[in-house]
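Chain A is the first sequence line, chain B the second, and so forth, proteins listed ahead of strands; every chain is numbered from 1. For clarity, every value in this text was computed on a predicted model and none was experimentally measured. Note that these values count all heavy atoms, side chains included, but never hydrogens, waters or copies made by symmetry.
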Amino acid sequence: MVSDRLAIETVDLWKRYDGIDALRGLDLQVPTGSICGFLGRNGAGKTTTIKVLLGMAKATRGVARLLGAPAVDAEVRRRVGFVSDEKDLYDYMTVDEIIAFTRPFFPKWRTDLEQKYRQKFELPGPRDIKDLSRGTRTKLALLLALCRSADLLILDEPTAGLDPAMAEDVLQALVGHVASEEMTVFFSSHQIAEVDQIADHIAIVDRGRMVVAGALDDLRDRFQRVQLVFADAAPEVRFHAPGVVRVTRDGRVLTVLTREREPLMTEAKALLPASIEVSPVTLKEIFLESVRTED
Amino acid sequence: MLFRPNPSSGVPIYLQLMEQVKHAIATGAMRPGEQLPGMRKVAEELVINPNTVAKAYRELEHEGVIELRQGAGAFISENAPSKKDAEKFRAAQEAVAVTIDKLRAKGVADEDIRRLFEAELLATEGKRGE
């Protein structure tokens with residue numbers, strides 16, 4: 001199998017349901033070995049994207065690839081683990097039973113990891129799955145996904161509804177696993193803080209299209225707030241620099257929110273302000289600004 | 001000894017880690033030649049991205065603060081930019097010792113010496129030339 005530099009790739013992906021375009025030309029690129037956070041408002045197309053990637057829905061148009069192969073290819077999906085919000089587990093089984101049931105399907109099953117996670121997650125072997133708490137069900141689903149030696153793990157809101165301690169356990173299991181095994185993680189989330197914490201790449205989708213994507217550190221470096229203070233009333237200016245998201249005038253102060261710091265700085269300095277101050281923008285703001293200003 | 005960075009602070013996590021290591025060296029918590037914890041361990045304990053830890057370690061190596069030795073791990077450089085701080089600290093220690101000796105020779109009690117230092121520090125707090 002050819003190892004691709006992109007674990008997930010979509011090109012101009014469209015998906016139409018009953019006359020509604022849930023995805024409208026989505027371009028997604030998740031580099032191999034990265035932990036990528038997938039953000040978007042409710043209804044923006046996150047779940048649809050995941051469904052198409054996992055072959056649970058067929059694209060109307062465009063390309064979707066997992067680990068270099070078409071997403072519809074059943075073979076490649078054996079190398080992909082999935083942890084969903086509903087935690088599709090067989091309620092009538094016990095923890096032991098579902099592990100025993102799942103194991104034979106995967107020749108590369110890691111019994112060492114099974115022992116490790118059984119202990120770490122404190123999974124009660126003989127307990128019925130239907131009697132487990134939400135957090136424990138998530139951890140069980142995670143064990144099943146991690147022990148298969150998947151090259152790619154896709155998670156749909158893995159910490160939704162979990163208390164902070166449980167959520168942290170899940171995040172720790174993910175980073176711990178990525179640190180010692182080679183795996184790419186793609187997870188959708190509404191928790192900006194956790195994306196900040198563990199992701200090195202992000203993708204923000206809005207109305208079926210990608211609005212922001214890339215390495216998180218890179219985005220944080222380019223997306224900045226620039227504050228200009230003038231000796232007298234701040235000038236009314238239209239900036240020509242690309243990437244300007246929002247300009248606010250308040251007396252002697254001009255505040256500019258921009259996606260591209262460098263070009264703006266050049267224009268800002270030319271205005272000869274009394275002072276220029278650059279400050280970072282939080283991921284939350286990047287998200288809010290990106291999903292608000294799109295046409 | 002390395003603690004969880006603040007993901008929402010606006011300062012990239014790898015930079016926060018680098019600062020923590022440099023600060024540890026400046027305070028003497030870590031010394032030249034000593035080994036840093038492994039990258040995997042740091043990622044797992046701090047619950048942050050392993051690539052981020054790797055980036056921090058690479059940058060620290062680039063700045064000459066640490067050395068990455070193949071197969072052995074990461075070590076604080078012998079010439080890490082801390083020597084100046086350590087020397088400054090030693091010189092300060094000497095100055096304090098000399099002053100205390102003088103005061104004791106004049107018959108000033110230890111308790112009074114302590115109070116004098118504290119009072120002087122408080123009184124001149126805002127006037128530091130920093």
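Neither the backbone nor the side chain of B:Leu15 comes within less than 4.5 Å of any heavy atom in chain A. Heavy atoms of A:Leu283 lying under 4.5 Å from chain B are absent altogether. With a 4.5 Å cut-off on non-hydrogen atoms, B:Pro7 touches chain A through its backbone and its side chain both. Only the backbone of A:Ala199 has a heavy atom closer than 4.5 Å to any heavy atom of chain B.
Residues forming a ring pair (Phe, Tyr, Trp, His ring centres under 6.0 Å) with A:Phe186 (at least two apart in sequence, or on another chain): A:Phe38. Taking A:Ser149 as the reference, A:Lys108, A:Arg110 meet the side-chain contact (heavy atoms from CB on, under 4.5 Å) condition, with sequence neighbours excluded.
Among residue pairs with one or both ends in residues 158-167 of chain A, none qualify as salt bridge (Lys or Arg N to Asp or Glu O under 4.0 Å); sequence neighbours excluded.
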Cross-chain donor-acceptor list, chain A x chain B, under 3.5 angstrom:
{"residue": "A:Gly33", "atom": "O", "partner": "B:Asn51", "partner atom": "ND2", "Å": "3.2"}
{"residue": "A:Lys120", "atom": "NZ", "partner": "B:Glu44", "partner atom": "OE2", "Å": "2.8"}
{"residue": "A:Glu168", "atom": "OE2", "partner": "B:Arg4", "partner atom": "NH1", "Å": "2.4"}
{"residue": "A:Glu168", "atom": "OE2", "partner": "B:Arg4", "partner atom": "NH2", "Å": "3.1"}
{"residue": "A:Gln172", "atom": "NE2", "partner": "B:Glu44", "partner atom": "O", "Å": "2.8"}
{"residue": "A:Ala179", "atom": "O", "partner": "B:Arg40", "partner atom": "NE", "Å": "3.3"}
{"residue": "A:Gln197", "atom": "NE2", "partner": "B:Val47", "partner atom": "O", "Å": "3.0"}
{"residue": "A:Ile198", "atom": "O", "partner": "B:Asn49", "partner atom": "ND2", "Å": "2.8"}
{"residue": "A:Asp200", "atom": "OD2", "partner": "B:Asn49", "partner atom": "ND2", "Å": "3.2"}
{"residue": "A:Asp200", "atom": "OD2", "partner": "B:Asn51", "partner atom": "ND2", "Å": "2.5"}
{"residue": "A:Asp217", "atom": "OD2", "partner": "B:Lys55", "partner atom": "NZ", "Å": "3.4"}

